[in-house]
Amino acid sequence: MVDDNCLFCRIVSGELPATVVYADKDSLAFLDHRPLFPGHTLLVPREHFETLGDVSPSLIEPYFNAAQLLSRVVEAALEAEGTFVAMNNRVSQSVPHLHVHIVPRRKGDGLKGFFWPRTKYKGDGEIKEVQGQIRAALKKIQT
């Protein structure tokens with residue numbers, strides 16, 4: 001199922017552009033255009049589900065396998081000390097399409113609790129560089 005009014009469904013369909021870092025038959029991951037830190041990735045199921053409770057049980061395992069893989073990849077690609085992996089269900093969910101945030105973390109990076117100081121990439125060059133780093137790390141981890 002696809003929701004024609006959903007921003008993420010429109011990205012998944014290719015109608016809207018996104019800086020894609022990962023894709024498989026069930027999900028798509030792309031860089032958040034207003035990241036907490038460079039490398040902040042959003043993983044979405046290709047099918048439209050608003051919340052985790054709406055997801056078909058058969059998709060849970062492949063979706064979270066992708067989230068686990070991307071947490072390793074983002075950390076490796078950006079030489080981070082760890083990652084913050086989070087999901088909102090309705091409250092604070094800016095797009096009503098299930099998505100997992102995968103955010104590179106470093107000690108002293110200023111992220112406290114659930115305070116999310118959003119930033120912007122400096123331009124197309126920076127976002128493309130981060131995309132390349134994540135894709136390279138993904139290729140390395142998958143081989």
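For clarity, every value in this text was computed on a predicted model and none was experimentally measured. Along the sequence shown, residues carry numbers from 1.
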[X] with [Y], same ILVMFWY side-chain cluster at under 4.5 Å:
{"X": "Met87", "Y": "Leu7", "answer": "no"}
{"X": "Ile102", "Y": "Val21", "answer": "yes"}
{"X": "Val20", "Y": "Ile127", "answer": "no"}
{"X": "Val44", "Y": "Leu70", "answer": "no"}
{"X": "Val73", "Y": "Leu31", "answer": "yes"}

Taking C-beta and beyond as the side chain, do [X] and [Y] meet within less than 4.5 Å on heavy atoms?
{"X": "Leu78", "Y": "Gln133", "value": "yes"}
{"X": "Tyr22", "Y": "Leu138", "value": "yes"}
{"X": "Leu69", "Y": "Ile141", "value": "yes"}
{"X": "Leu28", "Y": "Arg46", "value": "yes"}
{"X": "Asp4", "Y": "Cys9", "value": "no"}
{"X": "Leu98", "Y": "Tyr63", "value": "yes"}

With rounding to the nearest 0.5 Å, note down the distance linking [atom1] in [X] to [atom2] in [Y].
{"X": "Glu61", "Y": "Asp26", "atom1": "CD", "atom2": "CG", "result": "11.0 Å"}
{"X": "Phe8", "Y": "Leu43", "atom1": "CZ", "atom2": "CG", "result": "10.5 Å"}
{"X": "Leu52", "Y": "Asn89", "atom1": "CG", "atom2": "CG", "result": "5.5 Å"}

Glu81/Arg105 ion pair, N-O < 4.0 Å: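 Between Arg105 and Glu81 there is no salt bridge, as every charged N stays at least 4.0 Å from the carboxylate O atoms.
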From CA spacing to verdict: side-chain contact (heavy atoms from CB on, under 4.5 Å), Thr41, Asp32: CA-CA 6 Å; Thr41 299; Asp32 191 314; over 6 Å; no
Determine yes or no for a side-chain-to-main-chain donor-acceptor pair under 3.5 angstrom, with [X] supplying the side chain and [Y] the backbone.
{"X": "Thr119", "Y": "Pro35", "value": "yes"}
{"X": "Gln68", "Y": "Asn65", "value": "no"}
{"X": "His101", "Y": "His99", "value": "no"}
{"X": "Glu50", "Y": "Arg90", "value": "no"}
{"X": "Ser92", "Y": "Asn88", "value": "no"}

Set of residues satisfying side-chain contact (heavy atoms from CB on, under 4.5 Å) with respect to Ser13, sequence neighbours excluded: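 Counting only residues at least two positions away or on another chain, Ser13 forms a side-chain contact (heavy atoms from CB on, under 4.5 Å) with Glu15.
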Heavy-atom closest contact (Val85 atom, Ser71 atom, distance): CG2-CB, 4.0 Å
Glu126 atom CD: more than 12 heavy-atom contacts under 6.0 Å: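 Count over threshold, so yes.
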Evaluation steps, side-chain contact (heavy atoms from CB on, under 4.5 Å), between Val74 and His40: CA-CA 8 Å; Val74 167; His40 180 166; over 6 Å; no
